[in-house]
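Model, not experiment: these values are computed from the prediction.
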Amino acid sequence: MTTTESAPETTAMAGQTHLPTYDATAAPAVPRTSLGRLSPDEKFTLFGSWAAGLGLAWLITQRLVPMPGLPWFLVTWFVMGLLVTAVTAAMTGGMTEVRDRVAGAVVTAGAAVVGAVLVSVVVFVVLRGWRPLMHPNFFTHDMSGVGPKDPFDRGGVAHAILGSGIELGIGLLITLPLGIGTAVFMTEVGGRFARVVRTIVEAMTALPSIVAGLFIYTVFIVALGYPRSGLAASLAIAVMMLPIIARAADVVLRVVPGGLREASLALGASRWRTVWHVVLPTARPGLATAVILGVARGVGETSPVLLTSGAAAFMVQNPTGGVMNSLPLFIYSTVRSGEPVAITRAFAAATVLLGLVLLLFVTARLLARPRSAKPSVVRRLLRRPAPKRAS
């Protein structure tokens with residue numbers, strides 16, 4: 001009887017809902033820190049480990065082992081910092097914690113080295129070439145009638161800036177539709193021929209620039225009989241830019257989710273409209289990055305321009321009107337003179353080239369930004385006040 005009567009009571013108690021009670025005398029809850037932020041103890045362990053590594057590096061390089069110089073000190077500091085970080089991680093956690101902290105330290109150090117190299121290059125070039133930049137004629141005049149020993153208030157790089165802009169613009173007009181069209185063919189069409197095209201594009205990515213210049217020189221100048229000009233240099237630059245843009249755009253288009261294509265096709269859109277209105281707008285930031293990579297490859301080429309165009313010390317506006325100078329070629333020909341004034345002027349031209357690349361990068365990123373979405377019809381209807389009911 002006892003077992004039989006206790007079963008209903010247990011079932012009834014299991015079905016009841018118990019509300020939590022509030023304890024007014026309890027201490028306030030401790031706010032939970034974000035998962036992406038370090039706690040004070042973790043910050044102390046991290047910075048303390050690298051501070052201890054700094055002290056050990058000074059002790060080893062300055063007192064124990066004769067290793068003078070800043071490079072040895074930095075390398076020893078990095079090794080000692082990793083060692084102390086691994087020891088502190090082993091004291092607070094297991095092997096997984098040790099691997100995580102050491103890997104994070106190595107990746108952070110690699111990023112810092114890349115950033116330091118980039119900053120050092122820019123600072124070195126600007127410090128070596130800032131004096132000609134203080135003269136306005138450097139941006140408005142050309143080098144006609146100016147010698148390598150003439151002062152900075154004479155001559156400029158206006159002809160080289162114009163030549164680089166014209167050659168790069170013609171190269172982009174050729175490679176932009178061809179590169180993105182090739183990427184669309186390899187990604188959206190596919191097939192055996194697409195695999196052949198992808199193999200050729202990947203092989204052309206490592207094409208030496210001198211080979212591209214020799215190809216245009218042999219075909220366009222020797223075989224067809226056209227003179228050396230800015231147009232020939234543009235064709236050589238286009239040969240260098242085309243595989244870079246096509247390869248990078250192919251990788252970007254393959255990242256676009258297939259569900260977007262399927263949804264567009266399910267709504268009755270054709271393959272062409274799906275690519276034009278769905279795939280390309282979705283991949284626009286990545287395509288802009290592909291164009292930036294191609295421009296960065298083509299804007300600094302010297303040997304193809306030297307073979308196909310040649311250097312001119314005067315202003316040339318017609319790409320088919322003879323030799324045309326460019327910024328990389330101007331830097332190369334000016335440094336070869338060996339004069340300190342000319343070398344300083346070449347560093348100033350290199351600074352202008354860096355500024356031009358930065359301007360192109362910022363312009364491409366601004367054009368690649370997604371457009372601000374307009375409020376949908378549903379949102380506009382929700383914002384409207386509800387109609388009053390008639391009483």
Side-chain angles (χ1 to χ4, degrees), residues 142-143 157 159-183 185-186 196-250 290-336 346 349-350 352-353 356-357 360:
D142 55 21
M143 293 296 293
V157 293
H159 62 300
I161 296 175
L162 180 63
S164 293
I166 292 175
E167 294 171 0
L168 194 62
I170 297 176
L172 274 178
L173 288 177
I174 297 173
T175 56
L176 193 59
L178 285 179
I180 297 181
T182 303
F185 173 76
M186 292 187 296
V196 175
V197 173
R198 181 176 285 108
T199 303
I200 295 175
V201 168
E202 292 178 353
M204 288 184 62
T205 304
L207 183 70
S209 58
I210 190 67
V211 176
L214 288 174
F215 170 74
I216 297 300
Y217 179 80
T218 304
V219 175
F220 191 76
I221 297 177
V222 176
L224 299 180
Y226 286 92
R228 301 172 70 183
S229 59
L231 179 60
S234 303
L235 295 178
I237 293 175
V239 172
M240 299 302 303
M241 294 168 55
L242 179 59
I244 304 295
I245 296 178
R247 185 71 181 91
D250 175 47
V291 175
I292 292 171
L293 292 175
V295 170
R297 176 68 186 273
V299 73
E301 293 296 340
T302 304
S303 55
V305 180
L306 181 62
L307 288 174
T308 56
S309 174
F314 48 87
M315 189 78 68
V316 179
Q317 301 179 359
N318 186 6
T320 60
V323 295
M324 176 182 290
N325 211 332
S326 63
L327 280 173
L329 189 56
F330 174 82
I331 296 169
Y332 170 74
S333 58
T334 307
V335 168
R336 287 186 59 192
V352 175
L353 181 60
L356 178 62
V357 173
L360 292 173

Restricting to non-hydrogen atoms, name the atom on Phe330 and the atom on Val157 that form the minimum distance, rounded to 0.1 Å. CE2-CG1, 3.3 Å
How far apart are the C-alpha atoms of Asp250 and Val201, what are their side-chain angles, what is the distance that settles it, and do they pass the side chain to side chain contact (heavy atoms under 4.5 Å, CB included) test? CA-CA 10 Å; Asp250 175 47; Val201 168; over 6 Å; no
Exactly one of Val219, Ile216, Ile221, Thr308 clears side-chain contact (heavy atoms from CB on, under 4.5 Å) with Leu235, and that residue is Ile216
Decide, yes or no, whether a salt bridge links Glu202 with Arg198 under the criterion of side-chain N to carboxylate O below 4.0 Å. no
Rounding to 0.5 Å, atoms CG (Leu231) and CG (Asn318) come to a distance of 9.5 Å
Atom CD of Gln317 and atom CD1 of Ile166: how far apart are they, to the nearest 0.5 Å? 7.0 Å
Check Ala311 against Val323 and note the closest heavy-atom contact, atom names and distance. O-CG2, 4.3 Å
Within a strict 4.5 Å, meaning less than it, do heavy atoms of the Val352 and Leu356 side chains meet? no
State the CE-CG distance between Met241 and Leu176, to the nearest 0.5 angstrom. 8.0 Å
Is the number of heavy atoms from other residues, nucleotides or ligands under 6.0 Å of Phe185 CZ greater than 12? yes
Parallel, tilted or perpendicular, as decided by the 30° and 60° cut-offs, for the rings of Tyr226 and Phe220: parallel
From CZ (Arg247) to OG1 (Thr182), nearest 0.5 Å: 13.0 Å
Do Val239 and Leu207 come within less than 4.5 Å of each other through their side chains, counting heavy atoms only? yes
Which heavy atom of Ala236 sits nearest to which heavy atom of Gly213, and what is that distance? CB-CA, 4.4 Å
Point-to-point distance, once rounded to the nearest 0.5 Å, from CE of Met143 to CE of Met315: 12.5 Å
Looking only at heavy atoms, what is the nearest atom pair of Thr205 and Pro243, with distance? N-CB, 3.8 Å
Assess whether side chain to side chain contact (heavy atoms under 4.5 Å, CB included) is satisfied between Ile210 and Leu307, documenting all intermediate values. CA-CA 8 Å; Ile210 190 67; Leu307 288 174; 3.4 Å; yes
Heavy-atom nearest pair, Gly298 first then Leu168, reads C-CD1, 4.5 Å
How long is the span from the CG atom in Leu329 to the CE atom in Met324, to the nearest 0.5 Å? 12.0 Å
Do Ser309 side-chain atoms and Ala233 backbone N/O form a donor-acceptor pair below 3.5 Å? no
Backbone of His159 reached by a side-chain donor or acceptor of Asn325 within 3.5 Å: no
With a 4.5 Å heavy-atom cut-off, do Ser164 and Pro328 have their side chains touching? yes
Taking all non-hydrogen atoms of both residues, which atom of Arg297 and which atom of Ile244 are closest, and how far apart? NH1-CD1, 3.8 Å
CA sep, side-chain torsions, deciding dist, call: Ile331, Thr302, side chain to side chain contact (heavy atoms under 4.5 Å, CB included): CA-CA 9 Å; Ile331 296 169; Thr302 304; over 6 Å; no
